Amino acid sequence: MPKNKKRNTPHRGGSGGGGAGAAAATAAAAGGQHRNVQPFSDEDASIETMSHCSGYSDPSSFAEDGPEVLDEEGTQEDLEYKLKGLIDLTLDKSAKTRQAALEGIKNAMCSKMLYEFILERRMTLTDSIERCLKKGKSDEQRAAAALACVLCIQLGPGIESEEILKTLGPVLKKIISDGTMSIQTRQTCATCFGVCCFVATDDITELYSTLECLENIFSKSYLKEKDTNGICSTPNTVLHISSLLSWTLLLTICPINEVKKKLEMHLHKLPSLLSCDDVNMRIAAGESLALLFELARGMDNDFFYEDMESLTQMLRALATDGNKHRAKVDKRKQRSVFRDVLRAVEERDFPTETVKFGPERMYIDCWVKKHTYDTFKEVLGSGMQYHLQSNEFLRNVFELGPPVMLDAATLKTMKISRFERHLYNSAAFKARTKARSKCRDKRADVGEF
């Protein structure tokens with residue numbers, strides 16, 4: 001995994017003329033139905049407004065079904081027509097309609113490469129996202145931040161995504177640092193800000209500024225001298241987790257000198273997070289420690305950590321944790337992760353994982369690659385496999401080379417129909433039910449004695 005991500009070749013043509021012209025074009029394309037939009041009015045949308053909106057498309061149905069329906073039954077023109085309508089709906093009076101439109105656009109971008117379409121309308125989309133982030137409520141802000149993230153992933157590194165980050169970066173940073181905002185909104189913005197910066201930033205000063213913003217958040221969870229019984233989780237813990245994971249992601253693309261500086265600042269403090277009573281914080285801290293050790297040893301093969309014995313004892317305790325007051329699922333998940341973390345810290349070992357997508361395979365053989373993969377999978381969800389096949393930026397990050405071109409016959413043989421998928425899921429459900437029934441019967445037999 002390269003320390004610095006590779007830049008794509010210059011983007012294909014496309015000027016910044018996606019502003020008012022694009023908005024007018026989308027309005028005209030949506031069935032010729034024009035209206036005077038008054039965005040972000042406090043009034044609820046009337047029945048007439050909602051029925052009028054359905055002339056474009058139903059954003060909620062698109063968000064639920066996703067572009068899979070379009071892949072099977074429609075055409076690229078159908079998809080673009082619906083997306084134009086959804087872009088218009090981001091200016092609707094109703095907050096729910098705006099949120100559903102944002103989610104519908106995001107779902108389409110997760111499941112299909114739409115570079116040319118987005119390139120022409122990136123300014124319109126950016127304006128809508130910025131407006132929703134500034135004036136919307138919690139759920140709408142989260143939907144807008146998630147869309148901004150996928151928008152940058154679609155465009156990849158370049159002038160276009162840099163312009164998006166310059167516009168939205170200050171807004172995201174303000175939300176992350178604003179204690180009056182909801183924790184869920186700040187958490188989503190922390191993740192999306194980190195990913196957008198990873199993809200788009202070409203300014204080292206902006207990268208360092210983002211790192212500082214994120215570490216100012218998660219460092220509040222560090223163990224204080226007066227805390228002798230470990231760290232107690234708070235409502236802010238989920239925000240601190242997301243900030244830590246985004247910070248760790250950005251550290252993988254920093255210059256060596258900056259990495260050394262951050263190691264000196266945080267490597268002796270991060271172990272204190274292992275004592276947090278929130279399992280997700282313990283896991284995030286453990287995986288971040290493993291990645292930091294990997295970076296440190298990559299720069300200096302003879303890297304020495306002074307408190308190694310104390311750290312390995314903590315990791316070993318977490319890898320064999322049997323505390324009864326913790327949930328079984330949490331303990332199982334924690335033990336699995338910390339066995340790998342302990343091997344990484346003690347033996348410099350990493351259990352290679354294989355990811356299959358289409359006819360290709362990717363081997364995850366280090367903590368940097370694992371953390372990067374996990375982050376983008378969280379953002380793209382089920383669309384991760386498609387983007388690994390088709391997205392040049394992600395293929396460059398994971399060193400997969402140019403996209404593999406497949407003919408229509410090969411694609412058809414690879415595709416599973418909805419009916420086949422339903423049969424497979426039904427068979428799997430029956431097998432699980434049968435296995436559980438047998439297990440219950442055995443327990444009942446034991447109870448009779």
Side-chain angles (χ1 to χ4, degrees), residues 1-3 5 198 241 244-253 259 263 266-267 270-271 273-274 276 278-305 307-323 326-382 384-385 387-389 394-401:
M1 184 70 185
K3 290 293 183 292
K5 64 182 185 294
F198 181 90
I241 293 169
L244 172 61
L245 294 175
S246 291
W247 177 85
T248 306
L249 175 71
L250 293 180
L251 202 61
T252 64
I253 60 170
V259 174
L263 287 174
H266 295 280
L267 195 54
L270 273 173
L273 300 180
L274 299 175
C276 181
D278 186 295
V279 65
N280 293 315
M281 175 58 90
R282 294 196 298 273
I283 289 173
E287 292 183 337
S288 296
L289 276 169
L291 190 147
L292 292 184
F293 269 87
E294 184 175 272
L295 291 178
R297 287 164 175 165
M299 295 182 295
D300 179 6
N301 196 46
D302 298 323
F303 171 75
F304 176 74
Y305 182 66
D307 298 326
M308 180 64 82
E309 185 176 351
S310 172
L311 176 60
T312 52
Q313 285 179 356
M314 293 179 69
L315 296 176
R316 192 172 287 108
L318 291 167
T320 57
D321 189 4
N323 286 339
R326 287 178 180 161
K328 288 184 179 179
V329 176
D330 289 349
K331 285 190 290 187
R332 193 179 300 118
K333 182 181 177 183
Q334 174 184 291
R335 287 196 293 259
S336 174
V337 170
F338 278 95
R339 282 195 293 268
D340 294 339
V341 173
L342 183 61
R343 286 171 60 186
V345 173
E346 274 192 324
E347 305 170 20
R348 307 187 179 202
D349 190 21
F350 181 87
T352 302
E353 302 173 15
T354 304
V355 177
K356 297 180 182 179
F357 48 99
E360 299 178 84
R361 293 185 179 187
M362 177 176 73
Y363 297 100
I364 299 178
D365 52 8
C366 64
W367 284 96
V368 170
K369 188 177 282 189
K370 173 179 167 39
H371 185 62
T372 307
Y373 175 80
D374 289 345
T375 302
F376 281 96
K377 190 173 188 303
E378 180 186 351
V379 172
L380 295 170
S382 59
M384 182 64 178
Q385 290 193 348
H387 276 263
L388 284 174
Q389 287 181 273
L394 281 186
R395 293 185 68 86
N396 278 340
V397 168
F398 294 108
E399 300 177 302
L400 296 171

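Position 1 is the first residue of the sequence; numbering continues from there. Atoms considered below: every heavy atom in the structure, side chains included; atoms not considered: hydrogens, waters and symmetry mates. Computed from a predicted model, the values in this text were never measured in an experiment.
- Arg348 and Glu294 are not joined by a salt bridge, as no carboxylate oxygen comes within less than 4.0 angstrom of a charged side-chain nitrogen.
- With rounding to the nearest 0.5 Å, the separation of CG in Leu292 from NE2 in His266 is 9.0 Å.
- Applying the side-chain contact (heavy atoms from CB on, under 4.5 Å) criterion to Thr352, with sequence neighbours excluded, gives Tyr363, Asp365.
- Looking only at side-chain heavy atoms (C-beta outward), Leu273 and Arg282 stay at 4.5 Å or farther from each other.
- Counting heavy atoms from C-beta outward, Val279 and Lys333 have side chains that stay 4.5 Å or more apart.
- The two residues Ile364 and Lys369 have their closest heavy-atom pair at CA-CD, 3.8 Å.
- Contact detail for Ala319 and Arg339: the closest heavy-atom pair is CB-N, 3.9 Å.
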If you look only at distance, which donor and acceptor atoms sit under 3.5 Å apart when one is on a side chain in residues 355-362 and the other is two or more places apart or in another chain?
residue: Glu360; atom: OE1; partner: Arg395; partner atom: NH1; Å: 3.4
residue: Glu360; atom: OE1; partner: Arg395; partner atom: NH2; Å: 2.8
residue: Glu360; atom: OE2; partner: Arg395; partner atom: NH1; Å: 3.2

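- With values rounded to the nearest 0.5 angstrom, Lys377 atom NZ is found 10.0 Å from Leu388 atom CG.
- When side chains are defined from C-beta on, Thr320 does not count as touching Phe338, because their heavy atoms never get closer than 4.5 Å.
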Side chain to side chain contact (heavy atoms under 4.5 Å, CB included) assessment of Phe198 paired with Thr375 = CA-CA 11 Å; Phe198 181 90; Thr375 302; over 6 Å; no
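- At least one side-chain heavy atom of Asp278 sits under 4.5 Å from a side-chain heavy atom of Ile241.
- Residues Val345 and Met308 share a closest heavy-atom pair of CG1-SD, 3.5 Å.
- No side-chain heavy atom of Asn280 sits under 4.5 Å from any side-chain heavy atom of Asp330.
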Apply side chain to side chain contact (heavy atoms under 4.5 Å, CB included) to the pair Leu274 and Leu315, showing each step before the final yes or no.
-> CA-CA 8 Å; Leu274 299 175; Leu315 296 176; 3.9 Å; yes
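- The two atoms that bring His371 and Leu249 nearest to each other are NE2-N, 3.5 Å, heavy atoms only.
- With rounding to the nearest 0.5 angstrom, the CD atom of Glu287 is 7.5 Å from the CG atom of Leu245.
- Considering all non-hydrogen atoms of both residues, Trp367 and Leu291 come closest at O-CD1, 3.6 Å.
- Asp340 has its side chain out of reach of Phe350: every pair of non-hydrogen atoms, C-beta onward, lies at least 4.5 Å apart.
- Between Leu270 and Leu244 there is a side-chain heavy-atom pair separated by less than 4.5 Å.
- Using a 4.5 Å cut-off on side-chain heavy atoms (C-beta onward), Val341 and Ile283 make no contact.
- Considering all non-hydrogen atoms of both residues, Met299 and Leu263 come closest at CE-CD1, 3.5 Å.
- Ion pairing of Asp374 with Lys370 is present here, as a side-chain N (NZ or NE/NH1/NH2) and a carboxylate O approach within less than 4.0 Å.
- When each of Leu311, Leu295, Leu289 is tested with Leu267 by the rule side chain to side chain contact (heavy atoms under 4.5 Å, CB included), just one qualifies, namely Leu289.
- The structure places NZ of Lys331 at 15.0 Å from OG of Ser336, a figure rounded to the nearest 0.5 Å.
- More than 12 non-hydrogen atoms from other residues, nucleotides or ligands lie less than 6.0 angstrom from CD of Glu347.
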List the steps, then state whether side chain to side chain contact (heavy atoms under 4.5 Å, CB included) holds for Glu353 with Tyr373.
-> CA-CA 11 Å; Glu353 302 173 15; Tyr373 175 80; 6.0 Å; no
